[in-house]
Amino acid sequence: MSFDILKGMATTLKNIGKKPTTISYPEEERVLPARFRGRHVLHRYENDLERCVGCYLCAGACPADAIYIEAEENTEENRVSPGERYARVFDVNLLRCIFCGYCQAACPTGAITLEHNYKLASYYPEDMVYHKEQLLEPRGQSTIGSNTVWFEPAPQEAAQPVPQVKHVFDGSQASAAAVGLGDIPNEEPVLLVDEEQDEDRRKFERGKDWEHA
Ligand code: SF4
Ligand code: SF4
């Protein structure tokens, strides 16, 4: 008997009494980590209006160019979201998506989150482009999805229309105007070493610190 066969049998004998590390999927399923990022869900507010205001920030943040949106104006006869616009078309190409979660992070209204949906096989590639109708929560079943894990829920009196320095944004009061980073500083000040040459800039930066205090 060759040495390799003996080595293989030794490995088998060593593991024979151990609990298997595999499971019998699909009868059994693993419990996923709370921050697991699977297929996207588009959320509604409790009054059934859609959270998405068609701002394209998620599409702009997507490194895989996986999101396609066509926005349309809300009208009084057809109000779909609380903002000026809503997404008439919202497609996510799950063949391009790398499930990085940047779209979720970029969304100012908490409209898109990546959830625990990972059963994403299909026979045809075109079926992997998910449309708004497949992504949107049903009426009367609004949630904030995995944002419950990522964001500490803001107390009522602290709810803000845009992301704030304190990071207690829950998206509940956003509108089409509430895009961008709110009052979160988005660049490091570049200051000269000689303070006298840089007095105005330093005064300006100190003023911004005071605003955020
Ligand atoms: S998870 Fe990442 S790759 Fe996928 S759609 Fe969102 S931003 Fe794009
Ligand atoms: S960033 Fe949010 S609100 Fe803006 S288009 Fe994307 S999902 Fe809609």
Side-chain angles (χ1 to χ4, degrees), residues 32-75 78-122 125-139 141-151 154 159-164 167-182 184 186:
L32 298 169
R35 291 183 176 184
F36 176 89
R37 295 193 293 263
R39 196 263 279 166
H40 312 64
V41 169
L42 290 176
H43 296 280
R44 292 180 186 272
Y45 290 103
E46 279 172 14
N47 62 4
D48 278 347
L49 286 178
E50 294 173 15
R51 280 180 176 261
C52 177
V53 290
C55 68
Y56 293 82
L57 281 177
C58 52
C62 177
D65 199 13
I67 299 179
Y68 176 79
I69 300 168
E70 285 179 20
E72 200 156 282
E73 298 283 320
N74 282 300
T75 60
N78 182 32
R79 175 153 293 281
V80 179
S81 80
E84 288 168 18
R85 295 188 299 174
Y86 69 97
R88 186 175 57 79
V89 176
F90 197 112
D91 293 344
V92 180
N93 185 339
L94 292 172
L95 290 178
R96 296 191 71 116
C97 177
I98 54 171
F99 300 92
C100 62
Y102 282 11
C103 48
Q104 173 171 341
C107 180
T109 63
I112 188 166
T113 61
L114 278 75
E115 298 299 324
H116 284 189
N117 312 316
Y118 59 88
K119 297 168 192 172
L120 297 171
S122 92
E126 55 270 30
D127 290 346
M128 294 303 286
V129 178
Y130 274 60
H131 306 296
K132 179 179 165 182
E133 297 70 23
Q134 296 159 282
L135 301 167
L136 187 63
E137 282 177 333
R139 285 178 184 277
Q141 295 180 33
S142 70
T143 68
I144 60 166
S146 60
N147 276 341
T148 49
V149 183
W150 290 95
F151 295 108
Q160 297 290 339
V162 291
Q164 299 293 308
H167 297 291
V168 286
F169 171 64
D170 79 347
S172 63
Q173 292 188 10
S175 73
V179 296
L181 286 170
I184 298 173
N186 57 5

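Predicted, not measured: the structure shown is a model, and the values here were computed from it. Atoms within each ligand, like the ligands themselves, are counted from 1 in listed order.
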Check each atom of ligand 1 against the heavy atoms of F99 and keep those under 4.0 Å away; list them by number with element. 1 (S), 4 (Fe)
Would F90 and I112 count as a side chain to side chain contact (heavy atoms under 4.5 Å, CB included) if you check the C-alpha gap in whole Å, the side-chain angles of each, and the deciding distance to 0.1 Å? CA-CA 11 Å; F90 197 112; I112 188 166; 3.7 Å; yes
Give the atoms of ligand 2, by number and element, whose distance to some non-hydrogen atom of P108 is under 4.0 Å. 1 (S)
For R88, the option from E70, E50, E73 that meets salt bridge (charged side-chain N to carboxylate O under 4.0 Å, His left out): E70
Which of the numbered atoms in ligand 2 are under 4.0 angstrom from any heavy atom belonging to T109? 3 (S)
Under the side chain to side chain donor-acceptor pair (under 3.5 Å) test against T113, which residue among Q104, H40, H43 passes? H43
Write out the residue and atom name of the closest protein heavy atom to atom 5 (S) of ligand 1, then the distance separating them to 0.1 Å. H40 NE2, 3.4 Å
Can you tell if the side chain of Q141 reaches within under 4.5 Å of the side chain of T143, non-hydrogen atoms only? no
Look at atom 8 (Fe) of ligand 2 and say which protein heavy atom is nearest, naming residue and atom and giving the distance to 0.1 Å. C52 SG, 2.3 Å
What protein heavy atom sits nearest atom 2 (Fe) of ligand 1, and how far off is it? C100 SG, 2.3 Å
About how many Å separate CG of N117 and CZ of R39, when rounded to the nearest 0.5 Å? 4.5 Å
In terms of its nearest heavy atom to atom 7 (S) of ligand 1, the top option of C103, C107, A106, A61 is C103
Parallel, tilted or perpendicular, judged at 30° and 60°: which one describes the rings of H116 and F36? perpendicular
Give the atom numbers and elements of ligand 1 that come within less than 4.0 Å of a heavy atom of I98. 3 (S), 4 (Fe)
Closest approach of any protein heavy atom to atom 4 (Fe) of ligand 1, naming residue and atom: C97 SG, 2.3 Å
Should you measure from each heavy atom of Y102, which atoms of ligand 1 turn up under 4.0 Å away? 7 (S)
Tell me which part of A87 gets within contact of ligand 2: side chain, backbone, both or neither, using heavy atoms under 4.0 Å. neither
Taking a cutoff of less than 4.0 Å between a non-hydrogen atom of the residue and any ligand atom, is G83 in contact with ligand 2? no
Do other residues, nucleotides or ligands put more than 12 heavy atoms under 6.0 Å from F99 CZ? yes
Audit row: C58, I69, side chain to side chain contact (heavy atoms under 4.5 Å, CB included) steps and yes/no: CA-CA 9 Å; C58 52; I69 300 168; 3.7 Å; yes
Please could you name the atoms of ligand 2 that I69 approaches to less than 4.0 Å, counting only its heavy atoms? 5 (S)
Closest approach of N74 to G83 (non-hydrogen atoms, all atoms of both residues): ND2-O, 2.8 Å
How long is the span from the SG atom in C107 to the CG atom in L42, to the nearest 0.5 Å? 8.5 Å
Nearest non-hydrogen protein atom, atom 1 (S) of ligand 2: C58 N, 3.3 Å
Taking only non-hydrogen atoms of I67 and a 4.0 Å limit, the atoms of ligand 1 in range are 5 (S)
Check each atom of ligand 1 against the heavy atoms of L114 and keep those under 4.0 Å away; list them by number with element. 1 (S)
Would L49 and Y86 count as a side chain to side chain contact (heavy atoms under 4.5 Å, CB included) if you check the C-alpha gap in whole Å, the side-chain angles of each, and the deciding distance to 0.1 Å? CA-CA 10 Å; L49 286 178; Y86 69 97; over 6 Å; no
Should we say atom CD of E126 is surrounded by more than 12 heavy atoms from elsewhere, each under 6.0 Å from it? yes
Here the atoms of ligand 1 under 4.0 Å from any heavy atom belonging to C62 are 3 (S), 5 (S), 7 (S), 8 (Fe)
Side chain, backbone, both or neither: Y56 near ligand 2, heavy atoms under 4.0 Å: backbone
How far is atom 3 (S) of ligand 2 from its nearest protein heavy atom, and which residue and atom name does that atom have? V53 N, 3.3 Å
